[in-house]
Amino acid sequence: MLEGNGNRMGEAAPAGGFAALCAAVQANCHVTDARHARNMTLCTYLLEMREFCRWERRAALTAPLPRADVGAWIAGREALWETLEDADYGPLPVAGEDVDPYDTSTVNRTLVPQGHVYGAGIGRFGKPQFFLGVLEREEWRDGLRILVAGRELARDLSAAPAALRDDTVSIRLESLARVLWERAEAWALKRPDGALKAALDAHRFDPADAASLDRMVAAEAETLILHELGERAAGRTLGPGWEEMLAGFARRRAELFARAVRDHLADCLVTLPTLMERDAPAPIHFWFANLDGLRRELFPRAIGAYEAWRGGDCGRALRAAVAAGVDHWRRVCANVLRVGDGSPDTESAIETFSLAPALRL
């Protein structure tokens with residue numbers, strides 16, 4: 001079982017001061033997991049713990065993990081968490097200074113020239129997230145800095161493949177590859193028709209060909225970048241009050257609804273129009289394969305437009321749905337902000353508001 005700084009079996013430990021930084025980041029990852037990881041549903045928790053175990057052991061995505069070994073690893077990790085539930089997040093040793101773990105700009109000012117990248121932020125349901133990885137590339141788009149990480153050296157349980165913090169987007173290729181592999185693996189159990197099958201076919205994905213997964217990761221990483229560009233555009237429309245509102249949520253339904261409508265605004269502003277303009281069928285199929293839960297319930301017009309696109313209408317219905325979505329989701333988000341006015345029953349008001357049939361498009 002691997003504990004301590006999170007170094008993985010078969011991987012040389014980082015040297016010198018960088019080893020201390022890895023250890024500090026992984027320690028904060030353990031603390032956030034100790035506080036939040038067991039808030040997941042049991043099924044999600046077990047699946048994510050299995051993949052976290054795989055990551056620590058550097059096991060291939062195709063390698064089976066003996067159930068007894070995973071069970072023992074989970075027990076050990078939970079025992080570690082029991083010792084950390086009251087621990088604080090520690091500073092990071094960077095260039096001889098102790099840096100706040102959320103000060104990503106200062107950390108990356110040192111790390112990026114050295115070929116590494118650090119990310120930190122608050123994810124869903126208030127869970128802090130941290131990671132440290134090898135920098136694959138840095139680029140700029142419309143004034144937005146994009147840092148793309150490959151191999152990850154430290155991470156917490158909930159490894160979000162993309163995040164926007166201030167004016168920087170973090171893309172995590174290793175985490176994205178795991179997400180895509182899990183989706184393909186789950187689909188292969190029953191092989192149903194639908195958007196996911198269409199996406200895998202369009203990507204020419206072959207589980208026996210590692211290069212096909214790499215191609216799919218590269219294409220879907222671009223979709224993540226487009227979404228984060230859309231998030232920035234939506235943020236400019238909504239203003240700082242939106243993030244302040246999200247940070248104050250304590251109940252899941254209100255947060256899920258708020259995130260869903262902003263996601264739709266972001267994707268109607270940037271992601272879907274750009275994919276349509278580029279005539280990129282595989283990422284479009286994948287976008288609809290990921291349209292589930294509350295997001296799917298809120299946007300039935302998009303589903304019909306997707307079917308029309310697949311039926312050969314050259315995207316007319318989909319472009320119309322996206323154009324209508326910009327105005328509709330902007331209004332809905334504005335109304336969410338109006339309802340979420342900071343009163344004691346803000347979340348109840350948003351939950352009630354989320355049930356209105358007129359919010360669907």
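Just so it is clear, the values below take in all heavy atoms, side chains as well, and ignore hydrogens, waters and symmetry mates.
- Between the CD1 atom in Ile122 and the CD atom in Glu243 there is a gap of 11.0 Å [rounded to 0.5 Å].
- A donor-acceptor contact shorter than 3.5 Å is absent between the side chain of Ser170 and the backbone of Ala163.
- A cation-pi geometry, defined here as NZ or CZ lying under 6.0 Å from the six-membered ring centre and within 45° of its normal, does not hold between Arg38 and Tyr45.
- Residues Arg251 and Glu351 are paired through a salt bridge, judged by an N-O separation under 4.0 Å between the basic side chain and the carboxylate.
- Ring geometry for Tyr102 versus Phe130: interplanar angle of 30 to 60°, hence tilted.
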(request) Before giving the answer on side chain to side chain contact (heavy atoms under 4.5 Å, CB included), spell out for Asp313 and Arg316 the whole-Å C-alpha distance, their side-chain angles and the decisive distance to 0.1 Å. (result) CA-CA 6 Å; Asp313 85 332; Arg316 287 187 293 271; 3.9 Å; yes
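- The structure places NE2 of His30 at 5.5 Å from CG of Leu80, a figure rounded to the nearest 0.5 Å.
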(request) Please report the C-alpha distance between Arg295 and Asn290 in whole Å, then the side-chain angles of each, then the deciding distance to 0.1 Å, and finally whether the side-chain hydrogen bond (donor to acceptor under 3.5 Å, both in side chains) criterion is met. (result) CA-CA 9 Å; Arg295 291 173 59 246; Asn290 290 325; over 6 Å; no
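- The hydrophobic clustering, which links ILVMFWY residues whose side-chain heavy atoms are closer than 4.5 Å, places Met49 and Leu65 together.
- Checked against a 6.0 Å centroid threshold, the rings of Trp309 and His285 count as neighbours.
- Grouping Ile, Leu, Val, Met, Phe, Trp and Tyr residues whose side-chain heavy atoms lie under 4.5 Å apart, directly or via other members, leaves Val179 alone, with no other cluster members.
- The ring of Trp73 has its center closer than 6.0 angstrom to the ring center of Phe52.
- Salt bridge status for Glu347 with Arg252: absent, with no side-chain N to carboxylate O gap under 4.0 Å.
- A salt bridge between Arg278 and Glu222 is present, with a side-chain N of the basic residue lying under 4.0 Å from a carboxylate O of the acidic one.
- Side-chain atoms of Ser175 and Glu152 form a donor-acceptor pair, as typed in the model, at a separation below 3.5 Å.
- Here the CD1-CG distance, from Ile284 to Leu318, works out to 6.5 Å after rounding to the nearest 0.5 Å.
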(request) Start with the C-alpha distance between Ile350 and Phe257, add both sets of side-chain angles, then the distance that settles side chain to side chain contact (heavy atoms under 4.5 Å, CB included), and finish with yes or no. (result) CA-CA 8 Å; Ile350 291 176; Phe257 174 73; 4.0 Å; yes
(message) Using salt bridge (charged side-chain N to carboxylate O under 4.0 Å, His left out), reason through Glu228 and Arg232 one step at a time and then give a plain yes or no.
(response) CA-CA 6 Å; Glu228 298 304 332; Arg232 200 234 340 224; over 6 Å; no
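- Listed by chain and residue number, nothing satisfies the side chain to side chain donor-acceptor pair (under 3.5 Å) test with Glu307 (two or more places apart in sequence, or in another chain).
- Remark: Arg330 CZ to Thr237 OG1 distance equals 5.0 Å, nearest 0.5 Å.
- A donor-acceptor pair is defined here as one N or O able to donate and one able to accept, closer than 3.5 Å; no such pair exists between the side chain of Asp142 and the backbone of Leu144.
- Leu111 pairs in a side chain to side chain contact (heavy atoms under 4.5 Å, CB included) with only one of the listed residues (Leu132, Thr104, Leu92, Val94), which is Leu132.
- Of the possible polar contacts, none joining the Thr44 side chain to the Thr41 backbone as a donor-acceptor pair under 3.5 Å is found.
- Ion pair Arg262/Glu231 flagged as a salt bridge, since at least one NZ, NE, NH1 or NH2 atom sits closer than 4.0 Å to an Asp/Glu carboxylate oxygen.
- We find that Glu174 and Arg58 are joined by a salt bridge, their nearest charged nitrogen and carboxylate oxygen being less than 4.0 Å apart.
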(request) Test side chain to side chain contact (heavy atoms under 4.5 Å, CB included) on Asn108 and Thr168 and set out the steps. (result) CA-CA 11 Å; Asn108 281 323; Thr168 299; 5.6 Å; no
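- Here the closest heavy-atom approach between residue Gly150 and residue Leu173 is recorded as CA-CB, 4.5 Å.
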(request) Could you walk me through whether Val31 and Asp156 pass side chain to side chain contact (heavy atoms under 4.5 Å, CB included), step by step? (result) CA-CA 9 Å; Val31 172; Asp156 60 276; over 6 Å; no
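- Residues Arg172 and Ala159 come closest through the heavy atom pair NH2-CB, 3.5 Å.
- A salt bridge between Glu51 and Arg54 is present, with a side-chain N of the basic residue lying under 4.0 Å from a carboxylate O of the acidic one.
- The cationic group of Arg155 lies under 6.0 Å from the six-membered ring centre of Trp55 and within 45° of the ring axis, placing it in a cation-pi geometry.
- With values rounded to the nearest 0.5 angstrom, Leu361 atom CG is found 5.0 Å from His328 atom NE2.
- Note: the hydrophobic cluster containing Leu42 also contains Val70 (ILVMFWY, side chain heavy atoms under 4.5 Å, direct or indirect links).
- The residues Arg141 and Glu139 are annotated as salt-bridged, a charged nitrogen and a carboxylate oxygen being separated by less than 4.0 angstrom.
- Across Ile171 and Ala162, no two heavy atoms sit closer than the pair CD1-CB, 3.7 Å.
- A salt bridge does not link Lys190 to Glu185: none of the charged side-chain nitrogens sits closer than 4.0 Å to a carboxylate oxygen.
- Closest non-hydrogen pair, Ala317 versus Ala308, comes out as CB-CB, 4.0 Å.
- Counted within 6.0 Å of CD on Glu97, heavy atoms from surrounding residues, nucleotides or ligands total 12 or fewer; the atom is thus considered open.
- Each of Phe288, Trp329, Tyr306 was evaluated against Phe299; a single residue qualifies, Trp329, per the ring pair (Phe, Tyr, Trp, His ring centres under 6.0 Å) test.
- Distance check: Ser212 OG to Asp206 CG gives 5.5 Å after rounding to the nearest 0.5 Å.
- Taking the ring axis of Phe249 as reference, the NZ or CZ atom of Arg124 does not stay both within 45° of it and closer than 6.0 Å to the ring centre.
- A donor-acceptor contact closer than 3.5 angstrom is absent between the side chains of Asp33 and Trp81.
- Between the side chain of Asp88 and the backbone N or O of Gly90, no donor-acceptor pair lies under 3.5 Å.
- Residues Leu157 and Ala37 come closest through the heavy atom pair CD2-CB, 3.6 Å.
- A salt bridge links Asp201 and Lys197; the closest N-O separation between the charged side-chain nitrogens and carboxylate oxygens is under 4.0 Å.
- In the hydrophobic clustering of ILVMFWY residues, with side-chain heavy atoms under 4.5 Å counting as a link, Ile303 and Leu294 come out together.
- In plain terms, the two heavy atoms of Tyr89 and Pro101 that are nearest each other are CB-CG, 4.3 Å.
- Cluster partners of Leu147, by chain and number: Val112, Val117, Phe131, Leu135. The rule joins Ile, Leu, Val, Met, Phe, Trp and Tyr whenever side-chain heavy atoms lie under 4.5 Å apart.
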